[in-house]
Amino acid sequence: MAAAALSACGGGDDDVEPTPSTLKLEKIGGYSSGTFLKSAAEIPAFDAASKRAFVVNAQSGKLDVLDLSDPKKPKKVGEVNGTSVLLNGEVNSVAVKDGLVAIAIQAKPKTDTGRIAIYQASDLKLLGSATVGALPDMLTFTPDGKTVLVANEAEPSDDYQVDPEGSISIVDVSNPASPSVRTADFKAFNSQKADLLKAGVRIFGPTADGSGTADVANDLEPEYIAIAPDGKTAWVTLQENNALAIVDIASAKVTKIVPLGYKDHGQAGNELDFSDKDAAIKTTTAPNVLGMYQPDSIAAYKAQDGATYLVTANEGDAREWGDSTVLNKGYLEEMRVKDLAKVSAFGTPPAHLTKLANGKSTPGALLNPANFAWCGAVAGDPKTCRDDDKLGRLKVTWTQGYQTNPDGSPKWYNTAGVADSAGNRLMYDKLYTYGGRSISIWDAQGKQVWDSGAAIEQFLASDECKLGAKRDLACKTYFNTGHDATAALDARSSAKGPEPEGLAVGTIGNKSFAFVGLERMGGVLVFDITDPKAPQRVDYINTREDWTASFSDKTPPDLSKVGDLGPEGLAFIPAKQSPNSKPLLLVGNEVSGSTAVIQLNLGY
């Protein structure tokens, strides 16, 4: 069998890695911070020379350093404190390349400019630092290790009075003692706002006084970065905006903003479970309900056809800031359909939604019966579409989907469901929900070539899916379970389902694999993405052991028994860099505050 595998790789050269025919995940070790539900283990990275893992501990605002020379028994050997570089700074993310450790440090307040710092992996010596944009988050090295790209997310202040511009910092670290920074910003796109909106880019955050929407540069929030294998191009997810930015690294320019479109949950293959109150698994189509992909993580890889493709974990995210009932004190876009579709008035309407009504008394919303008769809507009344076992519990955005006039203003209807400029009802033709509950593959121009559709939720509901390190618990017993107070069957169905969030891509022999962390249901899914147009699910591991307790930070569980909850970040370690010469996967679990070491057991 081994000889056949070598033959498939093109010969018996010792430098050619065999291509596996099977892959199975096994947890072989882990480290617990001892802190529950406070994001004490988020983003991991690994340095092969020092055999050290570096894990972002958001709870402490530091970087935990773990000795991974024995991957079965990781132990903490140090930490990196961002305050030595930026007063009151907090470490947000980490990347490692060729003995250098780069960290992103956010300021306090987060709307101020942050910093990037470079350390030596072997002894944690600070080599240099530089100022970058507001709220620097994910960062990554180019393949040659000479440049670090930083996603400056630039979230607004909680009261939405300060909204810095999003950007990507391109940092030359060829001389780590003196990093130099160039900035790829979005200012050039401010004049293209109307065209971007028409194309489908979501630009909807308010200005400070609530009188309109922000400029493009202020509204875009870079989330995660993937870099082409040749180091020339970067792709940046703009999660809340449901879009992708393409960056030319050499010129430090954003060359294009690509809308990612919407997932039609009315189509067979795109079913979802949208109720958390029926205590049952019920994945079904929902006509005129559209999913915003809103990816968090993204990775790039070269397929066997020689082209570069992008993989995204389509988590979804809503804007929810401060006191949304006061126009200039916050913002909230998320509502349950049952509140959105109240006949007489919205449930507890956000101030920006009330402003949209422009003084109309008891404004409310209707569902177009031509589109939503399937759940019971009639003229002038959404009726049973509001029920908990129908669409009522599903979380959607109120900011889009309603009918508008040619000038973009709302088209009003009266209580009978008839178009009437004096009316006080919005008419929703479509409902937009958060995340794709999937992973997708896109070409280098941002065109989707494959999406997993409903496959993740359907797998979690199947007899094949098993939980626990021993794989002896039925997934369907705990379908769409969350953590803390949502640790119950079906609890996350109305809100993004299992939430694919973390992502890493690794190549073994001639095959490429995507490792996907499910933030809410937990665990890691593996897909063979060698053929970008026809990926195949390979394995799933979920080492959470306690599925019955309801957790909180006030009553934390026994972390030695609970297992791993809430994967956030993943790092693939190829066999040639691994401390035990076998491919590994590091998983930072933010809920349990634990870092898991997972071994990839290969068959040939």
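These values consider heavy atoms only, across backbone and side chains, with no hydrogens, waters or symmetry-generated copies. Keep in mind that what you see is a predicted model, and the values were worked out from it rather than measured.
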Check for me whether the distance between the ring centres of [X] and [Y] falls short of 6.0 Å.
{"X": "F515", "Y": "F572", "result": "yes"}
{"X": "W442", "Y": "Y293", "result": "yes"}
{"X": "F459", "Y": "Y540", "result": "yes"}

Check the side chains of [Y] and [X] for a donor-acceptor pair under 3.5 angstrom, ignoring hydrogens and angles.
{"X": "Q106", "Y": "N92", "answer": "yes"}
{"X": "T147", "Y": "D172", "answer": "no"}
{"X": "N589", "Y": "T595", "answer": "no"}
{"X": "S32", "Y": "S594", "answer": "no"}

Check: [X] side chain, [Y] main-chain N or O, donor-acceptor pair, under 3.5 Å:
{"X": "N580", "Y": "K582", "answer": "yes"}
{"X": "D564", "Y": "A596", "answer": "no"}
{"X": "S129", "Y": "V85", "answer": "no"}
{"X": "T83", "Y": "L87", "answer": "no"}
{"X": "Y301", "Y": "I529", "answer": "yes"}
{"X": "R182", "Y": "A250", "answer": "yes"}
{"X": "S33", "Y": "T35", "answer": "yes"}
{"X": "R52", "Y": "S122", "answer": "yes"}
{"X": "E90", "Y": "G61", "answer": "no"}

Pair E155 + K110, salt bridge at N-O below 4.0 Å =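 A salt bridge links E155 with K110.
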
ask   = Taking 4.0 angstrom as the limit, do K51 and D70 come out as a salt bridge?
value =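 Here K51 does not pair with D70 in a salt bridge, since their nearest N and O are not under 4.0 Å apart.
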
inquiry  = Atom NZ of residue position K76 - does it have more than 12 heavy atoms of other residues, nucleotides or ligands inside 6.0 Å?
reply    =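 Buried by this count: over 12 neighbours within 6.0 Å.
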
inquiry  = Would you say NZ of K253 has more than 12 non-hydrogen atoms from neighbouring residues, nucleotides or ligands within 6.0 angstrom?
reply    =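 Atom NZ in K253 is not crowded, with 12 or fewer foreign heavy atoms closer than 6.0 Å.
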
Is the shortest side-chain heavy-atom distance between [X] and [Y] below 4.5 Å?
{"X": "Q294", "Y": "E315", "result": "no"}
{"X": "V65", "Y": "L124", "result": "yes"}
{"X": "T237", "Y": "L244", "result": "yes"}
{"X": "M138", "Y": "E223", "result": "no"}
{"X": "L586", "Y": "L68", "result": "yes"}
{"X": "L460", "Y": "P498", "result": "yes"}
{"X": "L66", "Y": "V77", "result": "no"}
{"X": "L127", "Y": "P179", "result": "no"}

query = Given the rule in the side-chain hydrogen bond (donor to acceptor under 3.5 Å, both in side chains) test, do Q599 and N601 qualify, once you have shown the distances and angles that lead to the verdict?
reply = CA-CA 6 Å; Q599 184 170 287; N601 296 324; 2.7 Å; yes

ask   = How close do I227 and T140 get, heavy atom to heavy atom, and via which atoms?
value =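 Closest heavy-atom pair between I227 and T140: CD1-CG2, 3.6 Å.
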
inquiry  = How close do S452 and S438 get, counting heavy atoms only, and between which atoms?
reply    =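 Nearest heavy atoms, S452 then S438: OG-CB, 3.1 Å.
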
side-chain hydrogen bond (donor to acceptor under 3.5 Å, both in side chains) evaluation trace for Q536 with D528 = CA-CA 5 Å; Q536 300 292 321; D528 181 340; over 6 Å; no

request  = Assess whether side-chain hydrogen bond (donor to acceptor under 3.5 Å, both in side chains) is satisfied between D248 and S251, documenting all intermediate values.
outcome  = CA-CA 6 Å; D248 178 72; S251 63; 2.5 Å; yes

message = Run T183 and D185 through side-chain hydrogen bond (donor to acceptor under 3.5 Å, both in side chains) and show every step you take.
response = CA-CA 6 Å; T183 302; D185 60 37; over 6 Å; no

inquiry  = Working to the nearest 0.5 angstrom, can you tell me the gap between E42 CD and D137 CG?
reply    =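 One gets 8.5 Å once the value is rounded to the nearest 0.5 Å.
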
